[in-house]
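The sequence lines fix the lettering, A, B, ..., with proteins before strands; numbering per chain opens at 1.
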Amino acid sequence: MTKKQTKNFRDMSIRQLVVFLMALTMFAGCAKGVQLQDVSHPDLSDLEPGVQKRLMDGRLRIESADGGRRQQSENWGNMGMLYQVYEMYGPAQTSYANAITLDEDNFRWPYLLAFSHQRLGNYAEAGKFYRRAMRLDPDYLGGWIHLGQVYLDDQQLDKAEAAFSRVLKIEPDDAAALTGMARFHIANRHFERAIDPLKRALEIQPTASQLHYYLAMAYRQTGDRELARLHIGLRGSTTPWFEDKLLIELSALHRNSRTYLDNGLAAFERGDLVGAAESYRLALESRPGDATTHLALSWVLELLGKSDAARVQVELSLELDPNSAKAHYSRARLLEEAGDDSQAAKHYLIAIAGDPHAEPPKLLLANLRMRQKQFQQAVVLFQQIDGADNTDVLFLFRLALSLHASGDCLAAIAPLERALAIQADSGTLNLALIRSGSSCPLAEPADKRRWLALARQMFGSLRGLESAEALAMALAANGEFSDASRLQRSLLTSMPGGGAKKFVRKNLEKYELGLAAVRPWSADSQFYSPPSASLADKWRMAGLPTAP
Amino acid sequence: MISITLPKLRLTAYASIVCLMFPGATLPAEVFVDIASESGIDFFHFNGMSGEIYFPEIVGTGSALLDYDRDGDLDIYIVQGTMLGPGKKSEDALFPPRHPLPLTDRLYRNDTRIGDDGNTLIRFTDVTTESGELGTGYGMGVATGDINNDGFTDLYVMNLDNNQLLLNNGDGSFSDVTALARVDDPRWSTSAVFLDYDKDGWQDLYVATYVAFDWENRIPCFASTAAREYCGPRTYDGTVDKLFRNLHDGRFEDVTLAAGIVGKGGGLGVVATDFDGDQWLDIYVANDGAANFLWINQKDGSFIDDAMLAGAALNMDGAPEASMGVDAADFDDDGDDDLFMTHLARETNTLYINDGAGWFEDQTVSMGLAKDSFSYTGFGVAWFDYDNDGWLDLLMVNGAVTHIQELVAAKDPYPHHQRNQLYRNLRNGHYEDVSDESGKVFELSEVSRGAAFGDIDNDGDTDVLIINNNGPARLLINEVGNQNNWLGLELVSNSGHPVVGARVALLNGGKKHKWRRTRRDGSYASANDPRVIIGLGGDDGEQDLFVLWPDGLRESYMGLAGRRYHRIEYGKGQLADD
């Protein structure tokens, strides 16, 4: 088939294509003197485009084969596998049947046809095709195990025993075959005979926790309740494993946007951002126009530092779902990163309104509000955050700063003390408590004395500008203005110029007038301007958007 | 009102008798016929689906067969759905409601009578509007019992959210006494059983609760093709069932914890009978996707779950199954109650055989019940003797809970439907699927959920009411049962009120056989006729009956004539040995 023909093919409606393919199938089969079964190809139009495409490509391959019967058989068989992984068993089985008709010597197709019958509980058909497959490849041990299981389920117990025995002669340590043999004994109510093969299977595969249940029931029937209870306690759902390459190949074919999304999430969780991005791209290929997937991709790109690409994905997501709180949150982060705090704040607010329980947007907006010197609003946001409560010292520190700056200096003490309870040896937190408390006129005198003692201790062990300034504040707060002034003057001589020096000078003027400081830090202190979310913050806060 | 005439004997009758006497012979064409619409049962279930694939919409509902007006025949209560989902209105429904809004459960009074020509006219009248307070929630199932020992059957209706206890006022109406009785449970539940677990003469209530579904944290689920799909039970946490003890004054006490009812399941079906032969009622809960519970009565008000060691928690391979409907009966006529439950497609239904001491073995495969159930997702189920040959048969109603891909591809508007199945007991411990030979009702493909079993037309055989999700109710009238001989039993207390939880057996030369229990429980989301029909096959002689009453009293009642119902009153028989 030429490229042009293929293109025309794709332009046809699915229904037309199905009819056309069916006709072509019949023609192709007849033309070569082989009578193939009509495959009732299902209507794929409700499936996501990626799955549609995979199935349509399979159908096209059936018709475009140039390699003769063997190749056609391969195409039909592969088609069957695709149908099977998407649980369309009817067309899967007919496709396998055609594959067998075209190439009777290929073990794969009767084997997979048998497996599909086994999955549907058609044990007679499953047995028939497993037998056929095993004639073609008697060394494929997994087939004998499957056949044995089918016989067990079909109450052909002697045949089941023969199948498992065959495996055990070649591979005496095959746990699945040993289990099959035990099941054969249990089915015959020979519980004692089941115990040895089960114990042996467990020795070989200790993780096959399902075996404990068989053992428990066997022990129960032989009267040993204690061992029965022991094995009940150990039971689980892991079945004995046996190698079956064909079924591994089959399950690997199962791909759709969900599997790509799952792969993306798994990659993300193991830190493989590039792999995650690739999986999300594949998910979008399979199911274009999925807002959540665009958003997931944007987050990964953002973490990879590809802000422009991330922005594109966020905008695509918002086009598809304009009310998505998570997408507005992403847009806000990216705007904040680009320096547009005003627009970022707007989108944080939309995100919070859309999902009032989500805390990361509140935290980031609170930080932003601090930068904007809107401390009252920052306090409101901080106070809405439950999850950050008593364990996040940075959160407690910023809450305290905002409370103080918004005029409630007394309320600022408690979060700082909570933070210190978590991280007692933090110099910054200790100094923050001294500075905040000592610059709070409403603080209790006893507390002020306590903070002065702490300030002296800090100054003694950590001489520097910060501790000296804090000690001066504490001295002034306790009425020791001359000592405070002397210390403050000495600070001035050793400080570089700038806002901090201005703040020290102003406080000196206060101390000389017999007044205490009223602010812990200068307004332009870095503490009042939390940076926009760092990569680390983003990692910490990133929970990837889940499926819609 | 509509009435229909059932011919007393069809042309196939002779052939039927021949076939029933000779197992293996061909069955008559119509073992059951559906007369729902002709008889006035116009119920059409509304599941409130709007295309959002909400998990609850695929789960309901059931019905109850009860004689609410005590006029001697079975009336019908059917549980209805409502629009589903936050902010959804009925205009959003993919399949509009067929009943006037607001939707409520419906009550149909049995007005069956014998016509002038001697034929039975089966007729029901919808009395919903004149019956006081009925279920109004997003309904799931219903259980029946008599909470105040007044002889009138009360209803416990299970919903997606708050359950309702409807007290039969005795005047044809019901009152919602949930709050007063303190038996509300806002969690999703589908099946419950009234039982007197402490032998105080009052019916207590066990409610099997399902999963912790939560609108706010609804979890999306997907099919193999990545299309949206209904979730399974494992998507959500299971919940702990509830046990309420009757305080004899219209109130109940929640004794769940005190009774040792712990462990999260995912209960969809429940039965109460004496599994271990100690004459105390035990409780078996069929959990969906989790190990089933076997609550063994400790005779002190508490229970211990012994399902694991008893071999009734998991299937023969040690795997929990998606249990939906359940029934307990002595199918093998060895004097103890066995268990049967329906499951998801790709699992088999499961038969657990009781060894008499409360230990079970999964014998599904060996009894021929595995293969033919593999493709079906079963819900309502019961052991009953449809042909009155004396052996308990099985009927299970089916309907998938996920989209059947081939129906989706065929553009089926509701791609979950499956055929129901009838299995005949071959009298040798094995069963045979006889659906194909049992009439047109078994050719129907619907999304069946609840099935309630009882003798609707009082003709001595068991009929079946099937509730279809997003479909019509089907009233299956048994066409063959009473062509064999039968013995009908209505066990009553010395106040004349129906008794459940008793066991009866025929006496034959001192040997007891054909054990049956009086029950309303079992199946799925439904309540059954508490009367007992024992099939007698070709035996048209008088029968001697042994009764083991719930309080342990053993009595015999001699010389009961066949082909009629007998009122068996507590204390009026002869004292009997074990």
Winner by heavy-atom pair count (cut-off under 4.5 Å) against chain A, out of B:S366, B:A370, B:S373, B:A345: B:S366
Working to the nearest 0.5 angstrom, can you tell me the gap between [X] [atom1] and [Y] [atom2]?
{"X": "A:M217", "Y": "B:M316", "atom1": "CE", "atom2": "CE", "result": "12.0 Å"}
{"X": "A:I186", "Y": "B:E361", "atom1": "CD1", "atom2": "CD", "result": "9.5 Å"}
{"X": "A:Q221", "Y": "B:D355", "atom1": "CD", "atom2": "CG", "result": "7.5 Å"}
{"X": "B:F222", "Y": "A:L261", "atom1": "CZ", "atom2": "CG", "result": "8.0 Å"}

Given a strict heavy-atom distance threshold of 4.5 Å, which part of [X] is in contact with chain B: side chain, backbone, both, or neither?
{"X": "A:Y86", "result": "both"}
{"X": "A:R54", "result": "neither"}
{"X": "A:R220", "result": "both"}
{"X": "A:S237", "result": "neither"}

Worked check of side chain to side chain contact (heavy atoms under 4.5 Å, CB included) between B:K371 and A:N122: CA-CA 7 Å; B:K371 264 193 295 193; A:N122 303 328; over 6 Å; no
Ignoring hydrogens, what is the shortest heavy-atom contact between [X] and [Y]? Give both atom names and the distance.
{"X": "A:Q118", "Y": "B:F374", "value": "O-CE2, 3.9 Å"}
{"X": "A:E48", "Y": "B:A226", "value": "OE1-CB, 3.1 Å"}
{"X": "A:V51", "Y": "B:T225", "value": "CG2-O, 3.7 Å"}
{"X": "A:L152", "Y": "B:V365", "value": "O-CG1, 3.9 Å"}

Could you tell me which of A:V85, A:D154, A:I232 has the largest number of non-hydrogen atom pairs under 4.5 Å with chain B? A:I232
Could you check which of A:H212, A:R119, A:Q155 has the highest count of heavy-atom pairs closer than 4.5 Å to chain B? A:Q155
Test side chain to side chain contact (heavy atoms under 4.5 Å, CB included) applied to B:S224 and A:H254, A:M88, A:Q84, A:R258, the passing residue: A:H254
May I have the step-by-step check of side chain to side chain contact (heavy atoms under 4.5 Å, CB included) for A:D46 and B:K411, ending in yes or no? CA-CA 9 Å; A:D46 283 346; B:K411 299 284 181 195; 3.3 Å; yes
Taking atom [atom1] as the centre, does [X] end up with more than 12 heavy-atom neighbours from other residues, nucleotides or ligands that are less than 6.0 angstrom away?
{"X": "A:K199", "atom1": "NZ", "value": "no"}
{"X": "A:L253", "atom1": "CG", "value": "yes"}
{"X": "B:Q298", "atom1": "CD", "value": "yes"}

Under the side chain to side chain contact (heavy atoms under 4.5 Å, CB included) rule, what do A:Y89 and B:Q405 come out as? Steps first, then yes or no, please. CA-CA 9 Å; A:Y89 284 95; B:Q405 287 306 324; over 6 Å; no
Is it the side chain or the backbone of [X] that comes within 4.5 Å of chain A heavy atoms, both, or neither?
{"X": "B:I404", "value": "neither"}
{"X": "B:D362", "value": "neither"}
{"X": "B:F360", "value": "backbone"}
{"X": "B:D317", "value": "both"}

Donor-acceptor contact below 3.5 Å, side chain A:R229 vs main chain B:L309: no
